[in-house]
2 protein chains.
Amino acid sequence: MDEFELDERKTKILDAIIRNYLETGEPVGSRTISKYTDLNLSSATIRNEMADLEEQGYILQPHTSAGRIPSDKGYRFYVDHLMEEKNREVSEMKNFVIEHTEKMDQVLQQVAKILAANTNYATMVTAPTYHKNKVKFIQLSNMNEEQILATIVTEGNLVKNKIIPVNGEIDNETMLKLNFLLNANLNGLALQEINLGTIAKLKEQAGIHSAIISDVLDTVAETMGQEDDIRIYTSGATNFFKYPELSDSEKASELISTFEEKQQLASLVTENLLDEENTGIQVYIGNESPIQTMRDCSVVTATYELGEGVRGTIGIVGPKRMDYEKVMDNLKTLKNSLDGILDKKKEET
Amino acid sequence: MDEFELDERKTKILDAIIRNYLETGEPVGSRTISKYTDLNLSSATIRNEMADLEEQGYILQPHTSAGRIPSDKGYRFYVDHLMEEKNREVSEMKNFVIEHTEKMDQVLQQVAKILAANTNYATMVTAPTYHKNKVKFIQLSNMNEEQILATIVTEGNLVKNKIIPVNGEIDNETMLKLNFLLNANLNGLALQEINLGTIAKLKEQAGIHSAIISDVLDTVAETMGQEDDIRIYTSGATNFFKYPELSDSEKASELISTFEEKQQLASLVTENLLDEENTGIQVYIGNESPIQTMRDCSVVTATYELGEGVRGTIGIVGPKRMDYEKVMDNLKTLKNSLDGILDKKKEET
DNA sequence: TGTTAGCACTCCACAACAACGAGTGCTAAC
DNA sequence: GTTAGCACTCGTTGTTGTGGAGTGCTAACA
């Protein structure tokens, strides 16, 4: 119950300190606050209050004769209680996304880019993964004597192909039979529902072609079980240079590396994606983040859900003194634009 | 005819200056060279020779009382005439690549990573593009009442899918006819060979389904005309920080941005890929590079050819004082490993 | 009892300055 | 043609001192 530790005046002062620091990035002194607020208090009084706030752990003094900066606890209090939540429009984005849903990867890259340009922070967007996704359609076709092509489509319209080598061409009748077999047994099933029983039955009915069934099932598993390669798009990694507290070459280098080796970012994502309840926005301040290199940063992520079970994450990484209001506003609007797009598209047509 | 401008002694001195500078990154003075070489000359003599070399444009003096550093012209001379070309083995890479040719994108990312770790420079690898590529197989299939799935496979085994909306299901007979039509008319053709005549003929034969043919042809064009989205994998962008001459935040930021916005790197690639003759290794020193942000860097690229017409590029970007011998050695070995892999694989099976 | 003015103190930032040394060009002697 | 010697240049590094922003504390005040 943090908020009961602070009376109204202390709260106002803390709010003023943080807002000021968010703007300038410089430690803020008592005199500044005395003028900045409408409290009509002298700097001396403010100093007393600041001493208290420091004792309670909301602010820090980089060195004896400097002003104060917010601590992680201070930021957390700000995000939880002080910040106003705006609700602007980012409607251009909405239309943009809706109009281009086919070329998902380019759209997501573009989303990351626009968001980075908009906020001046580093951004990441993960491609939607298809939790609870179901097989919609499977097609085997003869390509030539040595190869057949397997195509698998899921409910989320994710398509995957595999070229399967075979010995000698398979005649058309067998092909039709195999196609029928696969679709009859697998369509509408989620990955978890395809159990050993189903597989055994399939293979039995396929007779001598059971090897092909195996290959197809492998591809199905690969298509639907995405955990090994979440696609992550990033942009604006060099924005870290814009904030002196992150721009010394060691820190910047670490952070940018993390963005370059995109897989490291996955840990920011996975826990949120799996949590069925979580539909909102997460804020990690400093050490709250699961990624060590980001201990001097804040991370804000939002989970979007294009359609039933089709989820991805958008994240913004910046200095702890990031403009939380703006960032969360951006993320919310974006999330709202993306949520349920698949369903909306269906309704339209 | 640069080499006739320099007598043997001047050449030796220039060689010594450049090698020394490659190692240290510091301007090198006459005394150092006097000891570094086996010429048994005093520093004063070296100074005289250095004055000549400077006048001829091979070396530069950052300021009056500093040693000399190589100019672009100096590096060029070094690369063209002085450097020894080693031929070590990077055989691990070879096996690695051969064993994993299915998951191309992961392999290429890995290649970029290994190369970056090996050289301590920034690296880029472009996915092979399929020049002169031909249609191998086209398959349309009914997914449900509203959608059909088009799958296109090229000679290079590049597969692309498109979901095409239709009004009402198409009966199986029509489907077979359309499939036959497409394959009979398009198989074996390169993009350039699919002309208006072919298209008109196709549409005519398709009758009321000519709209579907249009959609399929669009997808074919998209699959084979790759110029808009060359996939580029990068690694080690933060290596720029390792070289003081590139690590000030402005320069580093520019360079890293260029690597992040991968599309900007495409200009390094396109000219080489299209040039049928070019099979070797390109070196761009300083302003020779087509990318402005790399004026303080050197870029070395190699074009590999997995199979007939299936080409990609590997590039290394580092400071002008990069270890050209090592870099070119690495690239050559890698290139040799990749060249003709598709054909080799065929022979194996 | 809470608020404020005043003051001595701390400590960082920054500029000025000096000392150093690596390297040069030039001259004169070998 | 080569080299020793020397005066000179100029960037680097370390020192020193000054200014200012901000603090904590004390004492006076409402």
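Fair warning: this is a prediction, and the values are worked out from it, not measured in the lab. When reading the values below, keep in mind they use all heavy atoms of this one structure, side chains included, and skip hydrogens, waters and symmetry mates.
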task: May I ask you to say what A:S30 touches in the nucleic acid, namely base, sugar-phosphate or nothing, with a heavy-atom cut-off under 4.0 Å?
output: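 If one applies the 4.0 Å heavy-atom cut-off, A:S30 turns out to touch the sugar-phosphate alone, with no base involved.
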Would you mind reading off the distance between [X] atom [atom1] and [N] atom [atom2], rounded to a whole angstrom?
X: A:L41; N: C:dA5; atom1: CG; atom2: C1'; value: 15 Å
X: A:M50; N: D:dC25; atom1: CE; atom2: C1'; value: 16 Å
X: A:K10; N: C:dT3; atom1: NZ; atom2: C1'; value: 14 Å
X: A:D52; N: D:dG24; atom1: CG; atom2: P; value: 11 Å
X: A:I46; N: C:dT4; atom1: CD1; atom2: C1'; value: 12 Å
X: B:H63; N: D:dC8; atom1: NE2; atom2: C1'; value: 14 Å
X: B:Q61; N: D:dG11; atom1: CD; atom2: P; value: 11 Å
X: A:E26; N: D:dA21; atom1: CD; atom2: P; value: 12 Å

Nucleotide forming a Watson-Crick or wobble pair with D:dT18, both distances under 3.5 Å: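 Paired with D:dT18, as far as the under-3.5 Å criterion goes, is C:dA13.
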- request: Look through every strand shown and name the nucleotide pairing with D:dC6 as Watson-Crick or G-U wobble, where both distances are under 3.5 Å.
  value: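 Matched D:dC6 with C:dG25 under the 3.5 Å cut-off.
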Assess whether a salt bridge exists between [X] and [Y], defined as any Lys/Arg side-chain N lying under 4.0 Å from an Asp/Glu carboxylate O.
X: A:K113; Y: B:E261; result: yes
X: B:E288; Y: B:R76; result: yes
X: A:R19; Y: A:E325; result: yes
X: B:K320; Y: B:E245; result: no

So, OP1 or OP2 of [N]: does either fall under 4.0 Å of a side-chain N or O from [X]?
X: A:T45; N: C:dT4; result: yes
X: B:R31; N: D:dT3; result: no
X: A:R68; N: D:dG22; result: no
X: A:R47; N: C:dA5; result: no
X: B:S65; N: D:dC10; result: no

task: Using atom types as modelled and distance alone, determine if a side-chain donor or acceptor of B:T126 lies under 3.5 Å from a backbone N or O of B:T313.
output: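 Side chain of B:T126 to backbone of B:T313: a pair is present.
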field: Side chain of B:S42 - closest among D:dG11, D:dT3, D:dG22
entry: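 Shortest atom-to-atom distance from the side chain points to D:dT3.
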- prompt: DNA chain D: B:E49 or B:T64, which has the more 5' nearest nucleotide?
  reply: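 Taking each residue's closest nucleotide, the earlier one in sequence belongs to B:E49.
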- request: Map A:P27 and A:A44 onto DNA chain D by nearest heavy atom, then report which one ends up closer to the 5' terminus.
  value: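 That would be A:P27.
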